[in-house]
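Numbers restart at 1 for each chain; the letters A, B, ... are given by sequence-line order, proteins then strands. Not measured: the values here are computed from a predicted model. Values reported hereafter were calculated over all heavy atoms of this structure, with side chains retained and with hydrogens, waters and symmetry mates removed.
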Amino acid sequence: MRKYAPGASPRGRELVNELPREKDRDRYRQLMTELGGELGRALFPQLPSKEDLVLICTNEDADFLARGLLEELQDKGCLVALVCYWNDRVKLGFGEDRSPIVRRYVEPSNNAKAFIVVKSIISSSCVVRTNISDMVYDHQPEKVFVVSPVLLAGAQERLQADFPDEIARRFEFVWIAEDDERKDNGEVVPGIGGSVYELLGVGSSETKNQFVPDLVRSRRRAFHPAS
Amino acid sequence: MADHQAIGGQSNKAGNRYEDFFATHRMMIHTPRFLLENEGMRLKEQASCPVDDIVLDLGARWEYYQLKADRTITWNRDNKRLTSQFLDQKGQCIEKNQDFGLFVVVADDDREVHLTENLPESLQKITTVVKFPRLRRPSEMARLEGPLEIPFQEQAAARMLSSSDREEFVEAFHSARLNSAQDAEGFIVLAQLVDKIRSQDWVKIYTPWDEALEGWSQAKATLQEISGFRFWVDRGYFEWEYPPTDRGLSVSCCGQSFQRFVARVLNQGPATFDELEELLP
């Protein structure tokens, strides 16, 4: 059963309900980008500052959900550093999933006041946990916003339980819909309609790490003017 | 046995006991000596000897650990039980003509001070009091500092390790130890544990590589010409960076993915990072 975040906008609800039914790649990408904008509008009033913000995303989300959110915040005058991770998937001895980072794009940033961690869906929290851990202990941001169109019920608590209290209490969740059903293969129903890699057209779970987002390529030029 | 009541959180969940964390920590502390100097190590829990929570066989030396996470432990409590255990162990080690060390492991500063200051004279020189904190989850081992800091740099394939990289490392070791088979004497063998982690690719462990791969020397020369790009293979994995923004550690230099990468570099001859990026493994 699906429930909605208090205060979720009517347009946000429309988008998040259209998403799992959409099979056309271009339209799916467009919906994800629009959802990023909707989430950005919901997030903006909660930000502690317009500066010193770090947006953290995965390579598959960068050009769509993250781009929509980033552009919304930039339109509102925010200065945002981008961090993009390429996560692998590993299953340990008792079947515990882990998502080691095999590649990273990190724009230099000092004194991060807030992390904005955006992900197309949060269910096991494995990727999000890894990507928050990567820098949170060094940067010690005041707030960690975990932003997603769809959460699996209980994901917030599971994610917070993976961190020491002093870090977990900085978490704020910004979301639109919460589902409580998951198939045997781990897919949340209705969720976002299946494997986000294939729906976005960035490869399969095995090949998606070959995908380099245009957002990364274009922003990197500012740091490598000679290339 | 450690006092489990003193350990909070999920202390009763398999793998999250005080002893479990300490055993994994001991193996990780020793791993660089195994990887770099081929110094073996075996670990046994509940070894049925006087000091038996954890026993380490280091080849030429034996170490015996008793874990006491409760806040009231003394050498004299319960009719000098702890003292008797350590004296009995000392006697057995001398009888076997072992090079040995005895350790009592506590979780609190005041117990560390008390047991050290009141160490019975007959146990001095052979006994050490070690402080190891209570932990709630394996990943917390990645952030231990001081004498408990795990030497990640000497066992990881990566030169540049972040917090999450270190967490992945301890979680892989912890899971591997809990899943390890024991030898005929009930010991977990470090060499087998490292083999298991490598074979399952749970985490990227330092693995010497002699760079003997057809085409690699030409591909290497091509990569060295790319402005701003740096890379390393001496720890057995292809690690690279394009500072200040990009870095990666992906495939084993002994695997087919790396061979395919080398072939791509030879075929395409990338001259810039933009051209190389398409080819990276």
J.: At a heavy-atom distance under 4.5 Å, which candidate from Arg104(A), Glu96(A), Met135(A) has the highest pair count against chain B?
T.: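 Maximum pair count with chain B is reached by Arg104(A).
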
J.: Examine distances only and state if a side-chain atom of Trp202(B) and a backbone atom of Lys91(A) form a donor-acceptor pair shorter than 3.5 Å.
T.: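 Yes, because the side chain of Trp202(B) sits within donor-acceptor range (under 3.5 Å) of the backbone of Lys91(A).
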
J.: Chain B heavy atoms under 4.5 Å from Arg129(A): which part of the residue, side chain, backbone, both or neither?
T.: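 For Arg129(A), the side chain is the part near chain B, not the backbone.
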
J.: Should we say atom CD of Gln74(A) is surrounded by more than 12 heavy atoms from elsewhere, each under 6.0 Å from it?
T.: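 Yes, CD of Gln74(A) has more than 12 neighbouring heavy atoms, counting only those of other groups under 6.0 Å.
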
J.: Need one label for Val212(A): side chain, backbone, both or neither, based on atoms under 4.5 Å from any heavy atom in chain B.
T.: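 Looking at Val212(A), just its side chain touches chain B.
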
J.: Looking at Leu92(A), Val102(A), Val83(A), which makes the most heavy-atom pairs under 4.5 Å with chain B?
T.: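 Ranked by heavy-atom pairs under 4.5 Å with chain B, first place is Leu92(A).
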
J.: Which is it for Arg136(B) and Asp162(A) under the salt bridge (charged side-chain N to carboxylate O under 4.0 Å, His left out) test, yes or no, and what are the steps along the way?
T.: CA-CA 9 Å; Arg136(B) 292 173 61 191; Asp162(A) 278 334; over 6 Å; no

J.: Considering all heavy atoms of both residues, which atom of Asp201(B) and which atom of Val90(A) are nearest to each other, and what is their separation?
T.: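 Minimum heavy-atom contact is O-CG2, 4.0 Å.
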
J.: Within this structure, what is the CZ-CZ distance for the pair Arg137(B) and Phe163(A), rounded to the nearest 0.5 Å?
T.: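 Going from the CZ atom of Arg137(B) to the CZ atom of Phe163(A) covers 9.0 Å.
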
J.: Looking at Thr245(B), Asp165(B), Val203(B), Val251(B), which has the largest count of heavy-atom pairs under 4.5 Å with chain A?
T.: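 Top option by heavy-atom pairs under 4.5 Å: Thr245(B).
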
J.: Select one option (side chain, backbone, both, neither) describing which atoms of Leu280(B) are under 4.5 Å from chain A's heavy atoms.
T.: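 Both backbone and side chain.
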
J.: My understanding is that only one of Glu171(B), Glu167(B), Glu168(B) makes a side-chain hydrogen bond (donor to acceptor under 3.5 Å, both in side chains) with Arg98(A); could you say which?
T.: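 Checked Glu171(B), Glu167(B), Glu168(B) against Arg98(A); only one passes side-chain hydrogen bond (donor to acceptor under 3.5 Å, both in side chains): Glu171(B).
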
J.: What's the shortest heavy-atom distance between Arg217(A) and Glu278(B), and which atoms?
T.: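 Shortest heavy-atom contact: NH2-OE2, 2.7 Å.
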
J.: Between Asp246(B) and Arg220(A), is there a salt bridge with N-O shorter than 4.0 Å?
T.: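 A salt bridge links Arg220(A) with Asp246(B).
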
J.: So does Arg103(A) pair up with Glu277(B), basic N to acidic O under 4.0 Å?
T.: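 Result for this pair is yes, salt bridge flagged.
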
J.: Does the side chain of His224(A) reach to within under 4.5 Å of the side chain of Tyr242(B), using non-hydrogen atoms?
T.: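 Counting from C-beta outward, His224(A) and Tyr242(B) do come under 4.5 Å.
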
J.: Roughly how far, to the nearest 0.5 Å, is CG of Asn131(A) from OG of Ser162(B)?
T.: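 Answer for the OG-CG pair, Ser162(B) versus Asn131(A), is 9.5 Å.
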
J.: Is any side-chain N of the basic residue among Arg143(B) and Glu166(A) closer than 4.0 Å to the acidic one's carboxylate O?
T.: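 Here Arg143(B) does not pair with Glu166(A) in a salt bridge, since their nearest N and O are not under 4.0 Å apart.
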
J.: If you count heavy-atom pairs within less than 4.5 Å of chain A, which of Ser139(B), Ser163(B), Ser164(B) leads?
T.: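 Top option by heavy-atom pairs under 4.5 Å: Ser164(B).
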
J.: Taking atom CD of Gln256(B) as the centre, report whether more than 12 heavy atoms of other residues, nucleotides or ligands fall under 6.0 Å from it.
T.: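 Atom CD in Gln256(B) is not packed in, count stays at 12 or less.
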
